[in-house]
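Note sheet for the following structure.
Computation of the quantities below employed the complete heavy-atom set of this structure, encompassing side-chain atoms and omitting hydrogens, waters and symmetry-equivalent molecules. Numbers here are sequence positions counted from 1. The model shown is predicted, which means the values in this text are computed figures rather than measured ones.
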Amino acid sequence: MDSSSTISITREELNAFHLCDRALFSRLVITLRRDIGQSYQVMCFLLYLETIAPHLRNLIADFASLTDVFVNMVADQVVTCISCLSYDDFPAFVTHLRRNILSPEIPYITDVTRGYLTLIVIHNNRENILFHMKKHLMRVCVQAFEDICVRAEMYNKEIEEWEKAIAEMSQLGTSSVVQNGESSTSQFLSRRENAENRTIFLTFSKGYPISKAEVFAYFTRRFGEIVEAIHMGGAGENEQTLYATMQLSSVSKVPEILTEDRTQYIINGKHVWARKFIPSHKSS
């Protein structure tokens with residue numbers, strides 16, 4: 001089976017087939033917190049490399065087994081390759097490297113291709129490489145990595161909120177951290193735990209845009225005034241929202257929404273799936 005056959009298989013089969021690809025992409029955007037769009041490009045380039053020689057067929061699996069420091073370093077080298085592909089004129093690219101004090105060498109890429117791929121060779125094969133990268137993007141990456149992007153966006157949002165809370169606590173000073181025998185950190189964690197337990201995670205069908213107002217109106221009409229807040233996120237193609245978190249007024253209301261582990265609703269003819277919200281810091 002090759003990537004051209006992924007169009008006719010299910011999402012579960014696609015994800016299983018690209019297990020190593022998903023593992024590496026997850027490390028790039030969640031563990032290393034690299035830019036999602038740039039990480040898509042990195043994966044497309046690596047998928048291309050796997051096709052150019054038999055000994056590179058397991059490149060991504062081998063790459064994914066390396067340490068985070070090494071993965072980050074190689075990803076930076078791939079970004080240099082991608083930057084090279086964006087220039088029509090190679091001397092202009094070399095000038096760009098010098099201005100930004102960047103190395104013109106890509107030792108890992110050159111080494112794994114047994115000395116074949118250098119930046120000049122990559123540039124000379126620019127059109128062919130870009131063609132295959134685009135093919136891998138549409139046939140593999142967009143489908144196999146969509147859920148990881150959602151988790152990465154939510155994880156980064158949680159980290160930002162946590163860092164903001166830590167900054168606020170540090171400004172209070174040690175003398176005012178403890179209140180009524182409970183630290184501010186404990187209070188923050190307790191509030192977050194309560195909010196998480198009464199939060200529902202909603203996903204929407206691609207190609208069928210749905211608004212926050214539609215979601216709020218539907219659940220309020222069907223279950224009463226139980227919705228406290230809705231946060232839309234994960235803008236995809238054409239800026240369509242791909243998911244949302246819906247915070248209820250009480251934990252006791254959650255079973256009313258989730259009659260199954262994954263409950264389906266139809267809002268104005270659009271399919272919406274609801275499940276229990278599992279924050280990234282608990283997903284492991």
Could you measure the distance from the [atom1] atom of [X] to the [atom2] atom of [Y]? Nearest 0.5 Å is fine.
X    : Y    : atom1 : atom2 : answer
C20  : N58  : SG    : CG    : 8.0 Å
Q264 : T203 : CD    : OG1   : 9.5 Å
I226 : L248 : CD1   : CG    : 5.0 Å
L28  : I36  : CG    : CD1   : 11.0 Å
L242 : I210 : CG    : CD1   : 12.5 Å
M232 : L202 : CE    : CG    : 8.5 Å

Are [X] and [Y] close enough that some pair of their side-chain heavy atoms sits under 4.5 Å apart?
X    : Y    : result
V121 : Y116 : yes
C141 : F25  : no
D261 : K276 : no
V78  : L46  : yes
L130 : K134 : no
L117 : I52  : yes
L47  : H132 : no
I200 : R275 : no

Which atom names give the shortest non-hydrogen contact between [X] and [Y], and what distance separates them?
X    : Y    : value
V112 : L56  : O-CD2, 3.2 Å
T199 : F277 : O-CB, 3.2 Å
I30  : R33  : O-CG, 3.4 Å
Y40  : C149 : OH-SG, 3.3 Å
I106 : C81  : CD1-SG, 3.7 Å
R22  : I148 : O-CD1, 3.5 Å

Checking the side chain of [X] only, and the main-chain atoms of [Y] only, is there a donor and an acceptor separated by less than 3.5 Å?
X    : Y    : value
S39  : D35  : yes
D89  : A92  : yes
T259 : P255 : no
T113 : I109 : yes
Y208 : G269 : no
T110 : P107 : no
R198 : S249 : no
H96  : C84  : no

- Task: Show your reasoning for whether side-chain contact (heavy atoms from CB on, under 4.5 Å) applies to S205 and W273.
- Result: CA-CA 9 Å; S205 298; W273 287 268; 3.1 Å; yes
- Decide whether F131 and I129 are clustered together by the hydrophobic rule: side chain heavy atoms of Ile, Leu, Val, Met, Phe, Trp, Tyr closer than 4.5 Å, transitively. no
- Task: Determine, using the 4.5 Å side-chain heavy-atom cutoff (strictly less than), whether M73 and V71 are members of one ILVMFWY cluster.
- Result: yes
- Message: With side-chain contact (heavy atoms from CB on, under 4.5 Å) as the criterion, how do V140 and K135 come out once you've worked through the C-alpha distance, each side chain's angles and the decisive distance to 0.1 Å?
- Response: CA-CA 8 Å; V140 178; K135 183 174 69 174; over 6 Å; no
- Message: Test of understanding: with ring-ring contact (aromatic ring centres under 6.0 Å, His included), list the residues that count as partners of F201, not counting sequence neighbours.
- Response: Y243
- Task: Would you please name every residue forming a ring-ring contact (aromatic ring centres under 6.0 Å, His included) with F45, sequence neighbours left out?
- Result: none
- Message: Apply side-chain contact (heavy atoms from CB on, under 4.5 Å) to residues I230 and F219 and explain how you reach the verdict.
- Response: CA-CA 11 Å; I230 296 175; F219 284 100; 6.0 Å; no
- Item | Parallel, tilted or perpendicular: rings of F70 and Y108 (30°, 60°) | perpendicular
- Indicate the ring-plane relationship of F90 and F93, choosing parallel, tilted or perpendicular according to the 30° and 60° boundaries. tilted
Any salt bridge (charged side-chain N to carboxylate O under 4.0 Å, His left out) pairs touching [range], not counting sequence neighbours?
range            : result
residues 207-227 : E214-K270
residues 104-130 : D88-R126
residues 45-71   : R27-D68

- Message: The criterion is side chain to side chain contact (heavy atoms under 4.5 Å, CB included); which residues satisfy it with S65, sequence neighbours excluded?
- Response: none
- Item | Pair V272-Y218, side-chain contact (heavy atoms from CB on, under 4.5 Å): steps then yes or no | CA-CA 11 Å; V272 175; Y218 174 84; over 6 Å; no
